[in-house]
There are 2 protein chains.
Amino acid sequence: MARRSSKTEPERKADDAYHHGHLRTALLQAALETIAARGVDAVKMNDLARRTGVSVAAPFRHFPNRQALLVALAEDAAQRLQARMEAAARSHEDPTEAHRARGVAYVRFAVEEPAYFAVLSRADVIAASPPLQRMSAMNIEAMDLILGKRRGGEATPSLVRRTAGVLAAQALTFGLARMIVEGLLGDITAEQAERLAYEVTGVLGEGL
Amino acid sequence: MARRSSKTEPERKADDAYHHGHLRTALLQAALETIAARGVDAVKMNDLARRTGVSVAAPFRHFPNRQALLVALAEDAAQRLQARMEAAARSHEDPTEAHRARGVAYVRFAVEEPAYFAVLSRADVIAASPPLQRMSAMNIEAMDLILGKRRGGEATPSLVRRTAGVLAAQALTFGLARMIVEGLLGDITAEQAERLAYEVTGVLGEGL
DNA sequence: CTATCGATGTGAGCGTCACTAACATGGATC
DNA sequence: GATCCATGTTAGTGACGCTCACATCGATAG
């Protein structure tokens, strides 16, 4: 069993080289291009099949349904995003600065990889993937603390203050990224977005 | 002409009382209920028709397509949201407090009228309505100022700072509202949301 | 070396949905 | 009473997600 699985997947996993070659990967790539060009809603299974040169039924051998394909993309996206944020944070000693860098990296990601960011922004997609749900729900603790729902004793006022600051920073970068990719701030380059994120997160600096 | 139009719309506009009675209004209402129960994507023209007791083609006499129906809902939503925010702002003398109240009202609206807020959150719907686009794009000036793209002379540093504060507040409430309705903070009551918004916007207070 | 098996791909078809075209109806106006 | 126009109906079209029965081919077993 173990030997077989190591042979049917020769070059690590996710490299399905069979009839088509790499249908699964090709489908994800094609979907990503569609999203970049015309948005998530424009992703059609039929279209992906035609563009990868297979029949319309073939994609369903790799993904049980359209949603599952989007979930796979979103999970890739989450991994890339996390890698970027951690890399950005590593180059700062001061925890506050590191946190700010994470926020700026988040916004950068949204602007530089809008297709990946777009799938990650679909609530229905997130809801269909327990791992993604867990990743997104990290803020619940902060909220409970602020609202005093914390089990076992009251939190100190200063802790509440600092936690509110963290949640504020999160909501701020989250909101700014959404505003940018949804075009609410007009067209904007990655550099401009980064500077904007830097300036705007700076407003929080004094409150922390 | 003028006389006719004043007679075919007896009780102000949007009251279309003809064969069905108020099909247009009924459709919007039904759509709103669907959104509240199962989200925007669950809105089907066929379903609305069946539930309002007309044929599947009838809705298209009132809306050229599905998107137009959603746009109509979103425009209602924008009106309600604006009314709430202005009402909240009116009860404060201090401009900073008034602005904070607007932000809190924004979050409250998202939690208390999630169906309306959901349509307003659809970028494709906003993009299809010039009025809504204009309303949403109010922040572009702020951004241009922060980035120094302002035509005619540099802005003073203090003006940049204050403008960044305004944009930060906007991004903050925007992001917090989205996080809440997308379930990223778990289930939450309107009161809790309001307190959360108040605490979190408070972080900005010192920066302004 | 061949029989077998499982993963992958195909062709045809089904149900749902947005939308359209041609015709019906009925209240207001001339 | 004829006419008109807004509104509604019936029937149909095409796009799309998805399923089913069958084909193919690489790898493994005897």
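Hydrogens, waters and symmetry mates play no part in the numbers below; they use all other heavy atoms, side chains included. Residue numbers begin at 1 in each chain, while the letters A, B, ... track the order of the sequences.
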Exercise for the section: Please step through salt bridge (charged side-chain N to carboxylate O under 4.0 Å, His left out) for the pair B:Arg80 and B:Asp76, ending with a clear verdict. Expected result: CA-CA 6 Å; B:Arg80 284 167 167 264; B:Asp76 283 2; over 6 Å; no
Problem - Working for salt bridge (charged side-chain N to carboxylate O under 4.0 Å, His left out), residues A:Arg161 and B:Glu199 - result: CA-CA 8 Å; A:Arg161 252 178 79 83; B:Glu199 295 292 341; over 6 Å; no
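Between the CG atom of B:Leu196 and the CD atom of B:Glu191 there is a distance of 13.0 Å, given to the nearest 0.5 Å.
In the set D:dT7, D:dT10, C:dT10, the nucleotide with an atom closest to the side chain of A:Val54 is C:dT10. Of the candidate nucleotides C:dA21, D:dG8, D:dC18, C:dA21 has the atom nearest to the side chain of B:Ala57.
Annotation for B:Leu23 and B:Ala58: closest pair CD1-CB, 4.0 Å, computed over non-hydrogen atoms. The minimum heavy-atom distance linking B:Leu120 with B:Ala77 is given by the pair CG-CB, 3.8 Å.
For A:Thr173 and A:Arg102, the side-chain atoms include no donor-acceptor pair closer than 3.5 Å. Between the side chains of A:Arg178 and B:Ser121, no donor-acceptor pair is found at a separation under 3.5 Å.
Within residues 33-49 of chain A, the residues that have a heavy atom under 4.0 Å from DNA chain D are, in order of number, A:Val43, A:Lys44, A:Met45, A:Asn46.
Residue B:Phe63 contributes atom CZ, which lies 15 Å from atom P of C:dT20 at whole-angstrom precision. Atom CZ of A:Phe60 is separated from atom P of C:dA12 by 18 Å (rounded to the nearest Å). One interatomic measurement links the two molecules: CZ of A:Arg50 to C1' of D:dG17, which rounds to 15 Å at whole-angstrom precision. In this structure, CZ of A:Arg66 is placed 19 Å from P of C:dT16, rounded to the nearest angstrom. Remark: P of D:dG8 and NE2 of B:His22 are 11 Å apart, rounded to the nearest angstrom. Across the protein-nucleic acid pair, B:Leu27 atom CG and D:dT7 atom P stand 12 Å apart, rounded to whole Å.
One finds a side-chain N or O of B:His62 lying less than 4.0 angstrom from the OP1 or OP2 phosphate oxygen of D:dG8.
Counting heavy atoms from C-beta on, the side chains of A:Gln82 and A:Met135 come closer than 4.5 Å.
Within the cation-pi definition used here (under 6.0 Å to the ring centroid, within 45° of the axis), B:Arg100 qualifies as a partner of B:Tyr198.
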Short heteroatom pairs, N/O only, protein and nucleotides 13-15 of chain C, under 3.5 Å:
none

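Counting non-hydrogen atoms under 4.0 angstrom, A:Arg61 reaches a base of the nucleic acid.
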